[in-house]
2 protein chains.
Amino acid sequence: MTVTFKDVKADLLDQIASGVMRPGGLLPNEIDLAERYGCARATVNRAMRELADEGIVERKRKAGTRVRMAPIRQARFSIPIVREEIAAQGADYRYALVDRTVQAVPDWLRGRLDLNPGQDVLHLVCMHYADGMPYQYEDRWINPEIVPHVIEADFSTTGPNEWLVAELPFSNAEISFSAVEADQDLADHLGCSAGNALFRAERTTWLQGKAVTLVRLTYRRGHRMTTQY
Amino acid sequence: MTVTFKDVKADLLDQIASGVMRPGGLLPNEIDLAERYGCARATVNRAMRELADEGIVERKRKAGTRVRMAPIRQARFSIPIVREEIAAQGADYRYALVDRTVQAVPDWLRGRLDLNPGQDVLHLVCMHYADGMPYQYEDRWINPEIVPHVIEADFSTTGPNEWLVAELPFSNAEISFSAVEADQDLADHLGCSAGNALFRAERTTWLQGKAVTLVRLTYRRGHRMTTQY
DNA sequence: TAGTGGTCTAGACCACTGA
DNA sequence: CAGTGGTCTAGACCACTAC
C-alpha cells in the first residue's frame, strides 16, 4: 500500500496525543518525514498543513513545524436552517408567521444596516415549532433595497431564512451568541416566564458590502448549542 | 505570472457572490477549469477543495461541484485562554482561587467523566477579573487519575486551564453553550442579581478516550461571543 | 460504465525568515 | 544566506457513483 496523507496525519496526531511530541516541540522537516514514511514531500506537506489548519501545530518557514502550546484553539459550529435542525432531532417541524410590517428603519437599527434615515425596512416575526412545542422565536429585519421582490414575497408558509437562502447567492455574516432575559412577548411565544434566561443568536448578513438582514433567533428555555472538536 | 490556487479560488468566489453562479448551480469540472485558467488540474483541485471545506460548494464524484443551497453552514470560534481573551481587549487580568477541595465524585458527574463510585476528584472554583471587574466564574472538576501531580499543584496564582494546557499533550473535547439563570453564588461572584441571564460554556475534555476534566465557564452579565464568517 | 473528484509522485522554483 | 515551508506542474492511477 502507498502511504496516504491521512496515514501521515494520523501518525503525527498519535505521536502528539501519546506525548512523544510535547507542546512546543519541533517536528522533523518535510523532507525527512517523507523519507521516514516512504512517500512524497507533497504528501507530508498536506498532512502537516491540515494539522496547522486545525490549530494542532504551527508552521513557520525556516523555523519548522512545532506542536502548539495550546493545542486546540477553535471549534466549528454548524449553523443549520431551523427546519433541518428540528428534522435532524426526529421532531415534526411547524412554522408560523406572527407579524409582518413595512416601516421606517428604527434608529437603533440604522447604524447596524448602514441605512439612511427614513428608509423602509421589512420587519418579520416568526415562530418555529418542534413537535408542536415552541422551539425558536425569529425576529428579522430585511433591507428591501438589496433583496429584490422581498416586499411582495409571501412568508405565511415558508420562513424568510429559507426564502433568502434560495434567493441570494452568497453573503458575509457576523454572528454572536448571548444570554437574554425573556420579556413578556418572548415568554408568551416560547412558553416560559418573563425573566427566564434564554439563549440567543444574532446574525447580520451582507452581500457585497451591503447589509441584507439582521436576525435575532431566541431559543426555548434550556436550549444548548453543542459541538465536538 | 503563473495562476495560483488563490487566484482560482478568488475568481470562483467572485462568480458566486456576483450571482453568475447561482445556488444549486453546477460548476465546470476540474479539467475544463484548468484549461480556462491556464493552470494544472491540481491547482484547480486545491481551490475547489478549500471552497468545499468552507461550505461554499459541494463536491461529489461523477456528479460534479455545485454551489451550496445554504452557502454558509459553519462558523469557527476561537476558544481562547481567558487571560489572553482579556488581554486582547486591552484590560488588566487578575485571577483568584475561590475554593479547592478533593472529594468523592458526585453522582451527577460520575457518568460524565466515566468514573467509578467513590473515586476522588479535584474540584476547583476560580474567578477571572478584567480591570478589576468580575469577568468569568470557573467551576472545574479534574480526574486526578489521568493528570499526574494535579493534587499537589498550586492553583493559587495560576489558573487550572493554563496549567492543564501546558501539562497535557493533546485532547478531544465537547463544548456546549447555553443560557442559565444566576443562583445566589454566581450572582455574588459576578456582581449581578440572582435570576439574571448569564452566558455559559461547558467543556468536557478527554485524553486518549479518558475523561480529564469538566469545566463550566459562566460569564458576567451581558457577555457576547462573536465571530465573522 | 463512463465521468468526476481524490490522491500520489518526482521534480522544480520560489518566498520568507531565523541564525 | 541557508534552511524550511509554499506552491505549481504534468502525469498517473484509483474510487466512487450517477446515469
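Note that the structure is predicted; figures quoted are calculated from it, not measured. So you know, we letter chains A, B, ... as the sequences are listed, proteins then strands, and number each from 1. The figures that follow rest on heavy atoms only: side chains count, while hydrogens, waters and symmetry mates do not.
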In whole Å, I'd like the distance from the [atom1] atom of [X] to the [atom2] atom of [N].
X	N	atom1	atom2	value
B:Lys62	D:dT17	NZ	P	13 Å
B:Lys6	D:dC8	NZ	C1'	14 Å
A:Tyr37	C:dC8	OH	P	14 Å
B:Leu27	C:dG5	CG	C1'	13 Å
B:Glu30	D:dG11	CD	P	16 Å
A:Leu26	C:dA19	CG	C1'	14 Å

State whether [X] places a side-chain N or O below 4.0 Å from either non-bridging phosphate oxygen (OP1 or OP2) of [N].
X	N	answer
B:Thr65	C:dT4	no
B:Thr43	D:dT9	yes
B:Asn45	C:dG5	no
B:Arg61	D:dA15	no

Answer with yes or no whether the side chains of [Y] and [X] bring together a donor and an acceptor at under 3.5 Å.
X	Y	result
B:Arg224	A:Ser176	yes
A:Tyr135	A:Glu85	yes
A:Arg59	A:Thr65	yes

Both A:Ala63 and A:Cys39 contact DNA chain C. Which one's nearest nucleotide lies toward the 5' end?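 On the 5' side of the pair lies A:Cys39.
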Test item: B:Met225 and B:Phe199 side chains (from C-beta on) under 4.5 Å apart, heavy atoms: yes
Nearest-nucleotide pick for A:Arg41, side chain only, options being D:dA10, D:dT7, C:dG5: D:dT7
Base C:dG6 to side chain B:Arg46, donor-acceptor N/O within 3.5 Å cut-off: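 Result: no qualifying N/O pair found.
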